[in-house]
Amino acid sequence: MTSTSRSANSGAPQRFPVVVVGAGPAGLTIGNILRASSVDCLVLETETREFIEQRPRAGVIEEWAVRGLQQRGLADALLERAQLHTDCEFRFGGQRFRFSYGELTGTHHFFYPQPLLVTDLVRAYADVRGGEIRFGVHDVQLHDLDTERPSVSYVDAETEQRAVVACDFVVGCDGARGVTRAALPGHAHIARHDYGIGWLALLAEAPPSNDCVVFGIHPNGFAGHMARSPEVTRYYLECPPGDDPENWSHERVWSQLRQRLAATDAGPLTEGRLIEKRVLDMHSHVVEPMVFGRLFLAGDAAHLTAPIAAKGMNLALHDAFLLGDALAAYLTKGEETGLDGYSEACLRRVWDYQEFSQWLSEVYHGTSSGDAYRAGTTFARLRRLFTSPTAAAAFAEQYLGTAPAH
């Protein structure tokens, strides 16, 4: 099914079967799936194309998600350029413990920074598949979502005139603070969890100091090391929520990283200039259901997962695959099953990933909690991980996202 749309500058009414609000991984993936099925779609984005293609975000993508992109013709550059991660390392009690999940499962992670994936998806949608996308729009408003004739209006970036777009469905992919979340009815249920901790997110202009991801479990707080490129490394340091990044001088950062990542036989950290410092407060929430009339939520608009287990982008892609396929099936064949089951199918994986993130948070932060009981159970979990094949297999399944979501 296609529709005839008109330019935002023409002054004439516009109509698209689907309007997607937000040009992140979820919104762009849905747009690409629809265009591949010859369904017209309009994507609205408040930022510029240059901004979304450079916006710093993490890039751990699970293998099933990459295969989903590949099946839809969206992974060529990723498969050519991404790094493969097959191991991680825990450091606690002054020792190093290597966890080779690739060897254990035959499955691995792909590391591909989100800005690169967004760049690929924008190009595929707008430049290759001819999808309509409007950047720099503002004052987006949603109308008549509980009817069969919803619409979206916005102020055009070039003309500063309000445009109105009629549609069959509105897809909210504009994050936890976006207009689609603000449009939820009063009966929407939002479950929230605050971990009560912060992470100081750092980018260091320095080569990686280890050949895999490192998790430091230390009484001073958690520390993380992740390669970003041959020249840049991502680090994390546990800190109080709401802490000021300026409280962390160059000397203090590197002193804490050396302490928290120290272990027997571990080489010294390669230090360098800090080119990014920002504090992330660890919290999560889930919106239930993910459908309200003709409004369908996807990605962070529906659920925010603290970056403890690097699950956020993977959940966004899972939503996008299910919703894109369901919308295409309905608009081209009249099939309603996918749309009817969308929320329930997504939420099974969402809650599975939320539970794993909460479990992993205890592993990361139990020893720094000041609670001797939590510290003791943390070390018990870690010892079990490296002495029990069953525990190791269960961890690998959840870490890689290969466990079925019941």
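Side chain of Y342 to main chain of L297: a donor-acceptor pair is present (N/O by atom type, distance under 3.5 Å, no hydrogens or angles). When atom types are taken as modelled, the side chain of S388 and the backbone of R384 share no donor-acceptor pair closer than 3.5 angstrom. Checking side-chain atoms of S284 against main-chain N and O of A306 turns up a donor-acceptor pair under 3.5 Å. Side-chain atoms of D194 never come within 3.5 Å of backbone atoms of H283 as a donor-acceptor pair (strictly under, hydrogens ignored). Remark: the backbone N or O of T305 is not paired with any side-chain donor or acceptor of K311 at under 3.5 angstrom. In this structure, S361 contributes its side chain and S357 its backbone to no donor-acceptor pair below 3.5 Å. Judged purely by atom type and a 3.5 angstrom limit, N32 uses its side chain to pair as donor or acceptor with the backbone of L121. A donor-acceptor pair is defined here as one N or O able to donate and one able to accept, closer than 3.5 Å; no such pair exists between the side chain of R228 and the backbone of P113. Using modelled atom types, no side-chain atom of D144 and backbone atom of T147 make a donor-acceptor pair closer than 3.5 Å. Judged purely by atom type and a 3.5 angstrom limit, S37 has no side-chain atom pairing as donor or acceptor with the backbone of V39.
Summarising the geometry, atom CD belonging to E271 is positioned 6.0 Å from atom NE2 belonging to H250; distances are rounded to the nearest 0.5 Å. Annotation: the span from R67 atom CZ to F110 atom CZ amounts to 4.5 Å, rounded to 0.5 Å. Taking CG of L200 as the start and CZ of R252 as the end, the distance is 8.5 Å to the nearest 0.5 Å. To the nearest 0.5 Å, atom CG of residue D120 and atom CD of residue E80 are 10.0 Å apart. For the atom pair CD (Q398) and CG (L360), the distance works out to 9.5 Å, reported to the nearest 0.5 Å. Taken to the nearest 0.5 Å, the CZ atom of F111 stands 8.5 Å off from the CZ atom of R234.
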For this session: For side chain to side chain contact (heavy atoms under 4.5 Å, CB included), just list the numbers for V152 and L42, CA-CA rounded to whole Å, side-chain angles, deciding distance to a tenth of an Å, and then say yes or no.
Result: CA-CA 10 Å; V152 179; L42 173 64; over 6 Å; no
For this session: Check the pair F321 / Q71 against side chain to side chain contact (heavy atoms under 4.5 Å, CB included), numbers first and verdict last.
Result: CA-CA 10 Å; F321 297 154; Q71 290 167 12; over 6 Å; no
For this session: Check step by step if side chain to side chain contact (heavy atoms under 4.5 Å, CB included) holds for V363 and F215.
Result: CA-CA 10 Å; V363 172; F215 306 121; over 6 Å; no
Exercise. Run the side chain to side chain contact (heavy atoms under 4.5 Å, CB included) check on M313 and L117 step by step: do they pass?
Worked result: CA-CA 11 Å; M313 182 160 59; L117 179 61; 3.9 Å; yes
For this session: Could you check H138 against E160 for side chain to side chain donor-acceptor pair (under 3.5 Å), going step by step and ending with a plain yes or no?
Result: CA-CA 9 Å; H138 57 97; E160 289 299 318; 3.2 Å; yes
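Proximity of Y364 to Y195: side-chain heavy atoms (C-beta onward) are nowhere separated by under 4.5 Å.
Checked against a 6.0 Å centroid threshold, the rings of F99 and Y399 do not count as neighbours. Here the two rings, on Y236 and F222, have centers that are 6.0 Å apart or farther. For F92 and F97, the distance between ring centers is under 6.0 angstrom.
Side-chain contact of W64 with N314: a donor-acceptor pair under 3.5 Å is absent, judged by distance alone. When only modelled atom types and interatomic distance are considered, E362 and T377 share no side-chain donor-acceptor pair under 3.5 Å.
No more than 12 heavy atoms of other residues, nucleotides or ligands lie within 6.0 Å of CD in E103, so this atom counts as exposed by the packing criterion. Open room surrounds CD on E148; 12 or fewer heavy atoms of other groups in view lie less than 6.0 Å from it. By the 6.0 Å contact criterion, CD on Q141 is enclosed, its count of non-hydrogen atoms from other residues, nucleotides or ligands being greater than 12. Within 6.0 Å of NE2 on H187 lie more than 12 heavy atoms contributed by other residues, nucleotides or ligands. Other residues, nucleotides and ligands place no more than 12 heavy atoms under 6.0 Å from the CZ atom of R123.
Only one option out of H109, H85, H108 pairs with Y101 in a ring pair (Phe, Tyr, Trp, His ring centres under 6.0 Å); it is H109.
In this structure, the salt bridge (charged side-chain N to carboxylate O under 4.0 Å, His left out) partners of E89, at least two apart in sequence or on a different chain, are R91, R96, R98.
Sorted by first and then second residue, the salt bridge (Lys or Arg N to Asp or Glu O under 4.0 Å) pairs involving residues 320-343 (not counting sequence neighbours) are R72-D325.
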Would you be so kind as to tabulate the donor-acceptor pairs closer than 3.5 Å made by side chains of residues 169-181, with sequence neighbours excluded?
| unit_1 | atom_1 | unit_2 | atom_2 | d |
| --- | --- | --- | --- | --- |
| D174 | OD1 | T180 | OG1 | 2.3 |
| D174 | OD2 | V179 | N | 2.8 |
| D174 | OD2 | T180 | N | 3.2 |
| R181 | NH1 | H285 | NE2 | 2.9 |

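A salt bridge between R35 and D40 is present, with a side-chain N of the basic residue lying under 4.0 Å from a carboxylate O of the acidic one. Note on R15 versus D168: salt bridge recorded, some NZ/NE/NH1/NH2 to OD/OE distance being below 4.0 Å. Ion pair D127/R49 flagged as a salt bridge, since at least one NZ, NE, NH1 or NH2 atom sits closer than 4.0 Å to an Asp/Glu carboxylate oxygen.
Taking the six-membered ring where tryptophan is involved, the planes of F356 and W359 are essentially parallel, since the angle between them stays under 30° and well short of 60°.
Nearest approach of T29 to L317, heavy atoms of both residues: OG1-CD2, 3.6 Å. Across F135 and I133, no two heavy atoms sit closer than the pair CZ-CD1, 3.4 Å.
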